[in-house]
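Letters go in sequence order (proteins before strands), and every chain restarts at 1. Quantities reported herein were computed from a predicted structural model and do not represent experimental measurements.
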Amino acid sequence: MVIATWNVNSIRARMTHALAFLEARRPDVLLMQELKGLEFPAEDFRAVGYESVAIGQKSYNGVAILSRLPIEMVTNRLAGDDEDTHARYLETIIDTPTKLRVVNIYLPNGNPIGTEKFFYKLQWMDRLIQQMLVWKNDPIPTIIGGDFNVIPEEIDCDKPANWVRDALFQPEPRERYRAMKAMGFVDAFRTLYPDTADAFTYWDYFRQAFERNRGIRIDHFLLSPALAPRLTACEIDKTPRAQEKPSDHTPLLVTLA
DNA sequence: ATGTCAATATACTATTGA
């Protein structure tokens, strides 16, 4: 089965792109982030064969999961902070037909460094790690996908000097991402391509960043230890990023046996 | 330091977040 993740940067502005991607690749499941609105066009996706679950928010954030297989929502709140109202998390079970836990995250950006936003990011990651400790030993295998807003290593950006003052490349979030891997979760892309540089999922809109391939790899799939042996392929599809009026992110696709 | 895009209110332009 194929699962894709894509930060669309406004579902309203990117609807034609989303439908074109679904038609071109027909993934079984698509995780989307940054819907940027309360409206979600579930009927338009149903018309092309996808059920959906979504949690929206006015102006910011918002995540959805589209699925051609039966899907049920478990929760749209990440445990650990009842005051947190951001729409950044969707936990679902998909019948493949064996059960698979599919988690969609839009991890906080955290810029600028040292502000409340940065500490919110770190706390959000700590809360996610607590959840992952529970999932690690659960009989249902787990895949976590989405916009992690973390550049894991130097190889994951065009030039480290360009990112050293950015929250996405700070030691604290990178340490937490490494802790997730140390728990036994597997970074699908990097495991299959340990030495591939210049493989990015996001490029700034300005300074012709995409044309010059000055980007970063911040959209990821993490597979639980039980699921990792089923990893067979992982691909960054740059096609949508090359189209007119694109999102600043491009889709990442993973294939599971 | 620069630059682009999308949403929204301050509303045919400015602010915020990314």
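- Among the nucleotides B/dA18, B/dA6, B/dT8, the one closest to the side chain of A/Glu34 is B/dA18.
- Distances shown here put a side-chain N or O of A/Lys58 below 4.0 Å from the OP1 or OP2 atom of B/dA9.
- Rounded to whole Å, the distance from CG on A/Asp248 to C1' on B/dC5 is 8 Å.
- Note: CG (A/Asn61) to P (B/dA6) measures 17 Å, nearest angstrom.
- Distance from the side chain of A/Ser59 is smallest for B/dT8 among the nucleotides B/dT8, B/dA18, B/dT4.
- Under 4.0 Å is where a charged nitrogen must lie from a carboxylate oxygen, and between A/Glu39 and A/Arg12 no such pair does.
- Rounded to an integer number of Å, the gap from CD of A/Gln243 to P of B/dC5 is 16 Å.
- Using a 4.0 Å heavy-atom distance criterion, A/Tyr106 is classed as a sugar-phosphate-only contact.
- Judged by distance alone, with hydrogens and angles left aside, the side-chain atoms of A/Ser10 form a donor-acceptor pair with the main-chain N or O of A/Ala13 at under 3.5 Å.
- The shortest distance between the side-chain N/O atoms of A/Lys245 and the OP1/OP2 oxygens of B/dA6 is below 4.0 Å.
- Rounded to a whole angstrom, the distance from the C1' atom of B/dT16 to that of B/dA11 is 15 Å.
- Checking B/dG17, B/dA6, B/dT8 against the side-chain heavy atoms of A/Tyr60 singles out B/dG17 as nearest.
- Out of B/dT2, B/dA6, B/dT8, the shortest distance to the side chain of A/Arg207 is found at B/dT2.
- In this entry the distance linking CD of A/Gln33 with P of B/dA6 reads 17 Å, nearest Å.
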query = Taking it one step at a time, do A/Lys238 and A/Phe210 satisfy side chain to side chain contact (heavy atoms under 4.5 Å, CB included)?
reply = CA-CA 10 Å; A/Lys238 290 174 76 171; A/Phe210 181 68; 3.7 Å; yes
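- The gap from the P atom of B/dG3 to that of B/dA7 amounts to 23 Å, rounded to the nearest Å.
- One finds a side-chain N or O of A/Lys117 lying less than 4.0 angstrom from the OP1 or OP2 phosphate oxygen of B/dG17.
- Candidate nucleotides B/dA7, B/dA18, B/dT4 were compared by shortest atom distance to the side chain of A/Tyr205, and B/dT4 ranks first.
- For A/Arg14, a side-chain nitrogen or oxygen approaches OP1 or OP2 of B/dA6 to under 4.0 Å.
- Comparing B/dT10 with B/dC5, their P atoms sit 26 Å apart, to the nearest whole Å.
- Without hydrogens or angle criteria, A/Gln131 side chain to A/Arg127 main chain gives no donor-acceptor distance under 3.5 Å.
- Whole-Å rounding puts the A/Asn111 CG to B/dT16 C1' distance at 14 Å.
- A straight line from CD1 of A/Ile218 to P of B/dA18 spans 12 Å, rounded to a whole angstrom.
- In this structure, A/His249 and A/Leu35 both approach DNA chain B, and ranking their closest nucleotides by distance from the 5' end singles out A/Leu35.
- Separation of the P atoms belonging to B/dT13 and B/dT2 is 22 Å when rounded to the nearest angstrom.
- Between the CG atom of A/Asp166 and the C1' atom of B/dT2 there is a distance of 15 Å, rounded to whole Å.
- At B/dT8, one or more side-chain N or O atoms of A/Arg12 fall inside 4.0 Å of OP1 or OP2 (strictly under the cut-off).
- Salt bridge A/Asp204/A/Arg214: absent, no basic N to carboxylate O contact under 4.0 Å.
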key: Audit row: A/His86, A/Tyr120, ring-ring contact (aromatic ring centres under 6.0 Å, His included) steps and yes/no   = CA-CA 11 Å; A/His86 286 196; A/Tyr120 171 61; 5.1 Å; yes
